[in-house]
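Working notes, beginning with the structure itself.
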Amino acid sequence: MEISIFAKNRKTKEGRSFTVYLSTLTKKDGTAVPCSVKFNQTCQPPKPENCPMNIIVDKEHCNVSKRRYLNESTGEVLDAFTLWVNQYAAGGEYVDHSMDEFED
């Protein structure tokens, strides 16, 4: 399957910078599931400057985990999903369609 990967730079409280990767997976029923993306130690992540980009992942070379957490400000219990990628290939060119539904 081909998915779009986005890179975001974050900082720790101590000031150390790191990159997180994000994507949205689509379930068979059409539900969109936002998730973080982690790459196995033997699988180099895309360069942040190349993101957003599309990658092709074989379902046999990745898996999804779900973690429940408490939103301390609202008291709500939420689910966070992580896509763990062991192997991927470059996909087609990423095209931004976020403005397609707006008038010129």
Side-chain angles (χ1 to χ4, degrees):
M1 74 179 162
E2 187 168 23
I3 59 173
S4 298
I5 297 290
F6 300 85
K8 185 168 186 167
N9 290 322
R10 300 275 175 119
K11 283 191 177 187
T12 63
K13 292 178 185 176
E14 297 79 30
R16 184 180 66 87
S17 295
F18 62 98
T19 302
V20 294
Y21 295 91
L22 307 167
S23 188
T24 301
L25 300 177
T26 305
K27 290 185 174 182
K28 289 180 181 179
D29 67 4
T31 306
V33 178
C35 63
S36 62
V37 181
K38 305 266 183 172
F39 296 88
N40 183 318
Q41 292 177 346
T42 60
C43 178
Q44 288 293 325
K47 292 182 180 179
E49 58 270 16
N50 293 341
C51 292
M53 69 179 288
N54 292 326
I55 64 171
I56 299 170
V57 292
D58 188 342
K59 290 182 182 181
E60 296 166 1
H61 297 287
C62 60
N63 65 297
V64 174
S65 63
K66 179 171 76 169
R67 173 180 63 86
R68 293 208 162 198
Y69 69 96
L70 175 67
N71 182 331
E72 294 179 9
S73 61
T74 65
E76 187 178 10
V77 176
L78 301 170
D79 293 328
F81 295 88
T82 303
L83 173 65
W84 296 88
V85 177
N86 297 320
Q87 184 179 342
Y88 71 93
E93 181 181 351
Y94 174 79
V95 179
D96 185 358
H97 292 285
S98 64
M99 297 297 294
D100 288 356
E101 62 184 75
F102 296 97
E103 288 187 39
D104 289 337

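Just so it is clear, the model here is predicted, and its values are computed rather than measured.
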Ignoring hydrogens, what is the shortest heavy-atom contact between [X] and [Y]? Give both atom names and the distance.
| X | Y | answer |
| --- | --- | --- |
| A32 | T24 | CB-CG2, 3.7 Å |
| T42 | N40 | N-OD1, 3.0 Å |
| P46 | Y21 | O-OH, 2.5 Å |
| I5 | S23 | CD1-CB, 4.1 Å |

- Task: Run the numbers on T82 and S65 for side chain to side chain contact (heavy atoms under 4.5 Å, CB included), then give the verdict.
- Result: CA-CA 5 Å; T82 303; S65 63; 3.6 Å; yes

- Excluding sequence neighbours, so at least two apart, what forms side-chain contact (heavy atoms from CB on, under 4.5 Å) with K28? none

Just so I know, are the side chains of [X] and [Y] near enough to count as touching, which here means a heavy-atom distance under 4.5 Å?
| X | Y | answer |
| --- | --- | --- |
| S17 | N9 | no |
| L83 | F81 | no |
| L25 | M1 | yes |

- Query: What residues, two or more places apart in sequence or in another chain, satisfy ring-ring contact (aromatic ring centres under 6.0 Å, His included) together with F6?
  - Reply: Y94

- Message: Using the ring-ring contact (aromatic ring centres under 6.0 Å, His included) criterion, which residues pair with Y88? Sequence neighbours excluded.
- Response: F39

- Message: How long is the straight-line distance from CG of N86 back to CD of Q41, given to the nearest 0.5 Å?
- Response: 11.0 Å

- Query: Can you tell me how far the OG1 atom of T26 sits from the CD1 atom of I3, to the nearest 0.5 Å?
  - Reply: 10.0 Å

- Query: Quick one: side-chain hydrogen bond (donor to acceptor under 3.5 Å, both in side chains) partners of S98, sequence neighbours excluded?
  - Reply: D96

- Message: Side-chain heavy atoms under 4.5 Å apart, restricted to Ile/Leu/Val/Met/Phe/Trp/Tyr: what other residues fall into the cluster of V20, or is it alone?
- Response: F18

Show me the donor-acceptor pairs within less than 3.5 Å that the side chains of residues 50-60 make with the rest of the protein, sequence neighbours left out.
residue: N54; atom: OD1; partner: S4; partner atom: OG; Å: 2.6
residue: N54; atom: ND2; partner: G92; partner atom: O; Å: 3.2
residue: N54; atom: ND2; partner: E93; partner atom: O; Å: 3.3
residue: D58; atom: OD1; partner: E60; partner atom: N; Å: 3.3

- Query: More than 12 non-hydrogen atoms from neighbouring residues, nucleotides or ligands closer than 6.0 Å to CD on E49, yes or no?
  - Reply: yes

